[in-house]
Amino acid sequence: MEDRKRPITIALTKGRLAGKTLELFEKCGISSAGAMDKDTRKLIFENEERGIRFFLAKGPDVPTYVYYGAADIGVVGRDTILEENLKLYEVLDLGYGRCRMCVCGPESARELLNSGETVRVATKYPNIAKEYFRQRRQQTVEIIKLSGSIELAPIVGLSDVIMDIVETGSTLRENGLTVLEEVCPISARVVVNQVSMKMENKRISELVQKLRNALKV
Ligand code: PRP
């Protein structure tokens with residue numbers, strides 16, 4: 001009875017990751033209560049029988065919901081986790097949503113990257129870029145924050161290079177750009193609120209174990 005009172009709340013990243021994750025939950029026997037319906041404008045979906053509710057949020061907001069405890073669990077890309085840099089437990093690598101965080105640009109920017117001169121970097125990930133260039137590479141950079149279509153920046157002269165995720169590489173190829181340096185591999189991860197992990201340890205651990213098992217099937 002106690003379990004039914006407080007559902008475990010799961011924040012999913014809107015889009016492809018949510019679709020894959022809801023499929024995984026279905027495999028665990030946990031139906032998404034209509035969250036997969038493409039026409040719905042509903043934001044939150046409750047499976048009362050299982051004591052679980054899902055909601056869909058923009059990627060960068062998922063760690064925020066989990067950090068503040070509005071969601072117990074989040075499913076989000078490692079890129080977003082690194083960028084938001086909040087205190088969360090990362091408990092499972094789901095293995096999908098695979099891509100690479102890379103420094104990209106025209107081939108001609110390779111020399112500049114090694115010249116010691118200030119490099120202009122456009123990115124959706126200013127914190128990851130700062131940490132990579134300033135801490136790991138001790139390179140002076142000017143970081144320009146953009147929201148999307150990052151590949152445009154070096155083409156129109158806004159920046160020398162970009163830091164962005166590369167999945168198939170086709171956006172780079174079609175725009176005459178290339179990977180200059182690889183920063184780290186990315187995939188979808190399950191994150192858990194630190195207090196929820198203590199208060200709801202049994203239910204959360206069981207759920208994570210179910211997901212882990214379903215990944216093997
Ligand atoms: C992402 C990323 C790249 C592209 C990489 O953009 O920012 O632009 O996908 O994928 P690829 O290597 O398979 O071509 P997204 O489609 O999320 O849109 P955005 O540019 O609006 O961020």
Side-chain angles (χ1 to χ4, degrees), residues 10-24 35-36 38 40-41 43 54-66 71 74-86 88 90 93-110 112-113 119-134 136-137 139 141-191:
I10 304 176
L12 302 176
T13 301
K14 263 186 194 172
R16 257 184 301 171
L17 276 193
K20 282 224 156 208
T21 306
L22 290 169
E23 276 173 27
L24 189 65
M36 278 164 116
K38 286 196 171 61
T40 186
R41 299 290 296 163
L43 295 169
F54 298 98
F55 68 79
L56 303 172
K58 290 256 186 193
D61 297 338
V62 169
T64 309
Y65 280 107
V66 178
V75 177
V76 64
R78 183 178 180 224
D79 51 336
T80 308
I81 296 170
L82 293 173
E83 180 61 23
E84 300 305 314
N85 197 23
L86 295 169
L88 307 169
E90 192 184 307
D93 180 350
L94 293 170
Y96 50 77
R98 261 184 215 285
C99 54
R100 299 171 292 155
M101 182 65 68
C102 297
V103 178
C104 311
E107 192 53 52
S108 58
R110 201 181 288 278
L112 178 70
L113 272 181
V119 179
R120 291 183 119 196
V121 185
T123 187
K124 263 192 285 196
Y125 304 97
N127 294 326
I128 300 177
K130 264 182 224 158
E131 145 72 22
Y132 178 73
F133 282 104
R134 295 186 189 153
R136 272 170 62 186
R137 267 179 119 271
Q139 175 131 22
V141 284
E142 184 180 343
I143 291 164
I144 302 169
K145 167 95 166 43
L146 291 178
S147 311
S149 303
I150 315 295
E151 291 81 358
L152 257 179
I155 299 172
V156 298
L158 177 64
S159 70
D160 301 306
V161 297
I162 62 173
M163 178 176 282
D164 200 10
I165 51 167
V166 178
E167 191 181 348
T168 61
S170 53
T171 313
L172 291 179
R173 268 193 304 280
E174 288 184 29
N175 291 288
L177 304 174
T178 188
V179 172
L180 300 169
E181 290 173 11
E182 289 199 22
V183 178
C184 61
I186 303 292
S187 56
R189 306 290 163 103
V190 177
V191 289

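Both counts, for ligands and for their atoms, begin at 1 and track the order of listing.
I186 contributes atom CD1, which lies 10.5 Å from atom CG of D93 (distance to the nearest 0.5 angstrom). L146 contributes atom CG, which lies 9.5 Å from atom CD1 of I162 (distance to the nearest 0.5 angstrom).
Checked for salt-bridge contact, E181 and R136 miss the test: no charged N lies under 4.0 Å from a carboxylate O.
For L43, the CG atom is loosely surrounded, since the number of other residues' heavy atoms within 6.0 Å does not exceed 12. Taking a 6.0 Å sphere around NZ of K145, one finds it holds more than 12 heavy atoms contributed by other residues, nucleotides or ligands.
Within 4.0 Å of ligand 1, contacts by protein heavy atoms are made from K124, G148, S149, E151, D164, I165, V166, E167, T168, G169, S170, T171.
A 4.5 Å side-chain heavy-atom check between V179 and R100 finds at least one atom pair inside the cut-off.
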